[in-house]
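Letters go in sequence order (proteins before strands), and every chain restarts at 1. The figures that follow rest on heavy atoms only: side chains count, while hydrogens, waters and symmetry mates do not. Just so it is clear, the model here is predicted, and its values are computed rather than measured.
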There are 2 protein chains.
Amino acid sequence: MFFVSLIPIRPELPLGAPSERSDAARNRERLLQAARELVAEHGVDAITMDMLACRADVGKGTVFRRFGSRAGLMMTLLSDAEADFQRQFIFGPPPLGPGAPPLERLIAFGEARIKYVEEYGELARAAAEHSPQNRHDAPPVVLWHRHLEMLLREAGLDRDPWLLALSLGATLDPERMLHSLRIHGVAPERLAESWRELVTRLLKDC
Amino acid sequence: MFFVSLIPIRPELPLGAPSERSDAARNRERLLQAARELVAEHGVDAITMDMLACRADVGKGTVFRRFGSRAGLMMTLLSDAEADFQRQFIFGPPPLGPGAPPLERLIAFGEARIKYVEEYGELARAAAEHSPQNRHDAPPVVLWHRHLEMLLREAGLDRDPWLLALSLGATLDPERMLHSLRIHGVAPERLAESWRELVTRLLKDC
DNA sequence: ATATAAACCGGACCGTAGTCCGTTTAGAAC
DNA sequence: GTTCTAAACGGACTACGGTCCGGTTTATAT
């Protein structure tokens with residue numbers, strides 16, 4: 001099977017790539033492994049960039065050259081899960097993938113997103129922190145947005161589906177859902193049920 | 001006229017208050033004036049707490065004792081506008097205040113919120129930064145949320161209006177709307193139109 | 001006027017994200 | 001193997017939010 005990296009969070013080979021130097025590659029692996037270990041041990045919110053540099057036996061500058069920022073590191077850690085999620089709603093089986101009616105795909109999209117947040121929510125939140133740009137215009141976010149917009153159009157909602165998709169995206173925002181789940185103790189099923197109610201009502205009579 | 005501070009952002013007299021010392025009062029005034037000047041001169045995002053302390057001729061510790069945090073400072077700067085907004089949708093004339101049917105009140109609420117963000121968006125965003133707690137559970141946020149929930153109930157939406165209100169609140173989130181307005185250049189009227197479309201569809205046949 | 005306690009003050013200090021730049025090293029060319 | 005250069009490295013440095021604590025000021029009681 002041939003895996004396409006649909007919209008990579010962090011394009012690793014910017015198209016004219018003079019292939020990575022061996023020490024760089026080695027350090028990247030060390031950093032990623034160290035990062036995963038630290039996340040497993042202390043949780044996303046507790047790890048600092050110095051910690052990571054130390055654990056990977058690497059200078060701080062190296063960490064930042066590799067990932068650009070803390071958010072960039074988190075995006076990199078998320079990229080596999082993210083690519084998988086993208087594959088599912090673009091190429092996967094219905095109702096999440098193509099083939100089902102738009103309403104059902106919308107419902108499935110929300111449900112999948114909720115599961116994603118249950119599993120990777122802390123990472124996703126950290127990947128968007130301290131930067132409205134990352135939060136709203138990161139490539140994966142734009143892709144979800146376009147997907148929602150397309151489904152709305154398919155369902156016959158022609159009045160500014162772009163902005164409406166933004167509203168729906170806001171409902172599925174990781175930080176928001178995580179807050180409901182963790183702080184207010186809302187059950188994931190209840191979130192899903194509310195999402196279903198929301199999109200069902202929206203698409204009625206179109 | 002007697003102004004009630006409905007849900008103060010920052011309760012200034014915690015009910016058993018041994019009344020503020022005169023030097024404290026003087027410093028508070030100096031700080032607020034300096035803060036407003038700095039915001040006017042450099043914009044919300046550019047001002048730092050050191051800058052403020054320096055401009056107000058006050059120690060840094062004093063700034064933080066007064067406001068608790070950068071977000072706290074911003075809340076204080078917002079509190080007048082916020083109290084006014086609250087008064088309008090609770091006591092003001094219809095359709096924003098009581099007296100109009102729920103759908104019209106919802107529409108008016110969104111429109112008022114958009115105007116608010118146009119005017120105070122940067123402050124509002126800064127007041128919520130770096131703290132999901134502030135962003136989602138600050139007293140004013142809880143109040144808007146309850147208001148939305150009440151209107152949804154009045155309109156006959158009985159399936160988990162609490163969560164549905166959360167979704168609507170997400171649509172009106174200052175950071176999100178500000179991003180649409182400033183970065184994507186969406187016209188306020190278009191935001192308002194989209195909001196109207198959203199709530200109208202949601203409340204149809206209830 | 002004086003004593004006393006509580007509230008307040010200031011600025012040194014800390015942790016963390018992010019930058020800078022002199023030094024090292026991989027790898028290509030010869 | 002030697003030389004050369006661009007890329008990568010590392011860690012000192014900066015900026016900023018936030019904390020701490022010894023000294024000072026205010027208000028009150030006597």
Side-chain angles (χ1 to χ4, degrees), chain A residues 12-14 16-32 34-35 38 42-77 125-135, chain B residues 12-14 16-32 34-35 38 42-77 125-135:
Chain A
E12 301 188 7
L13 301 176
S19 86
E20 193 177 40
R21 245 170 65 169
S22 66
D23 53 345
R26 181 203 41 169
N27 279 342
R28 198 190 55 226
E29 285 318 306
R30 272 207 258 176
L31 280 167
L32 284 176
L38 286 172
H42 308 294
V44 171
D45 296 341
I47 78 178
T48 71
M49 301 304 265
D50 295 85
M51 227 188 263
L52 175 57
C54 177
R55 177 71 153 252
D57 247 313
V58 141
K60 198 176 180 180
T62 303
V63 180
F64 278 90
R65 179 158 352 85
R66 196 66 60 201
F67 303 113
S69 67
R70 193 175 194 278
L73 165 67
M74 301 309 176
M75 283 186 203
T76 304
L77 292 180
R125 182 176 53 189
E129 241 166 19
H130 304 316
S131 159
Q133 192 64 23
N134 272 349
R135 186 187 290 274
Chain B
E12 302 189 9
L13 301 175
S19 85
E20 196 176 38
R21 253 172 60 169
S22 65
D23 52 346
R26 177 197 41 139
N27 280 342
R28 198 190 53 228
E29 284 318 306
R30 271 207 257 176
L31 280 167
L32 283 176
L38 286 173
H42 308 294
V44 171
D45 296 341
I47 78 179
T48 71
M49 300 303 264
D50 295 85
M51 224 189 263
L52 174 57
C54 178
R55 177 71 153 251
D57 248 315
V58 141
K60 198 176 181 181
T62 304
V63 180
F64 279 90
R65 180 156 355 83
R66 197 64 60 199
F67 303 114
S69 67
R70 194 175 192 277
L73 165 67
M74 302 308 177
M75 284 186 202
T76 304
L77 291 179
R125 182 176 52 189
E129 241 165 18
H130 303 316
S131 158
Q133 192 64 24
N134 272 349
R135 185 187 290 275

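Side-chain atoms of A/T62 do not come within 3.5 Å of backbone N or O of A/V58 as any donor-acceptor pair. Between the A/R30 side chain and the A/A25 main chain, no donor and acceptor come within less than 3.5 Å of each other.
Per the geometry, NE2 belonging to B/H130 stands 12 Å off P belonging to C/dA17, to the nearest Å. In this structure, the CG atom of A/D50 is 12 Å from the P atom of D/dG11, given to the nearest Å. We find that CG of B/D57 is positioned 13 Å from C1' of C/dC9, with the value rounded to whole Å. Separating the NZ atom of B/K60 from the C1' atom of D/dG18 is a distance of 7 Å, rounded to the nearest angstrom. Straight-line distance from the CZ atom of A/F67 to the P atom of D/dA8: 14 Å, rounded to whole Å. If you measure from atom CG of B/D23 to atom C1' of C/dA7, you get 8 Å, rounded to the nearest angstrom. Distance, B/M74 CE to D/dG18 P: 10 Å, rounded to whole Å. Rounding to whole angstrom units, CE of residue A/M49 and C1' of D/dC16 are separated by 17 Å.
Comparing A/A25 and B/F64 along DNA chain D, the residue whose closest nucleotide (by nearest heavy atom) sits nearer the 5' end is A/A25. With the nearest nucleotide of DNA chain C identified for both A/M51 and A/G61, A/M51 has the one nearer the 5' end.
The side chain of A/N27 places an N or O atom within less than 4.0 Å of a non-bridging phosphate oxygen (OP1 or OP2) of D/dC9. Between A/R65 and D/dA7, a side-chain N or O to OP1/OP2 separation shorter than 4.0 Å is absent. Residue B/T62 places at least one side-chain N or O closer than 4.0 Å to OP1 or OP2 of C/dG10. Contact between the side-chain N/O atoms of A/T48 and the OP1/OP2 oxygens of C/dG15 is not found at any separation under 4.0 Å. For the pair A/R28 and D/dA8, the criterion of a side-chain N or O lying under 4.0 Å from OP1 or OP2 is not met.
Between D/dC9, C/dG27, C/dC9, one nucleotide has an atom nearer to the side chain of A/S22 than all others, and that is C/dG27.
Closest non-hydrogen pair, B/R125 versus A/P132, comes out as NH1-CG, 4.4 Å.
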(Q) Would B/F64 and B/L73 count as a side chain to side chain contact (heavy atoms under 4.5 Å, CB included) here? Give the steps. (A) CA-CA 9 Å; B/F64 279 90; B/L73 165 67; over 6 Å; no

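For D/dT25, its base sits under 3.5 Å from the side chain of B/R21 at one donor and acceptor pair at least.
Using a 4.0 Å cut-off between charged side-chain N and carboxylate O, A/E129 and B/R135 make no salt bridge.
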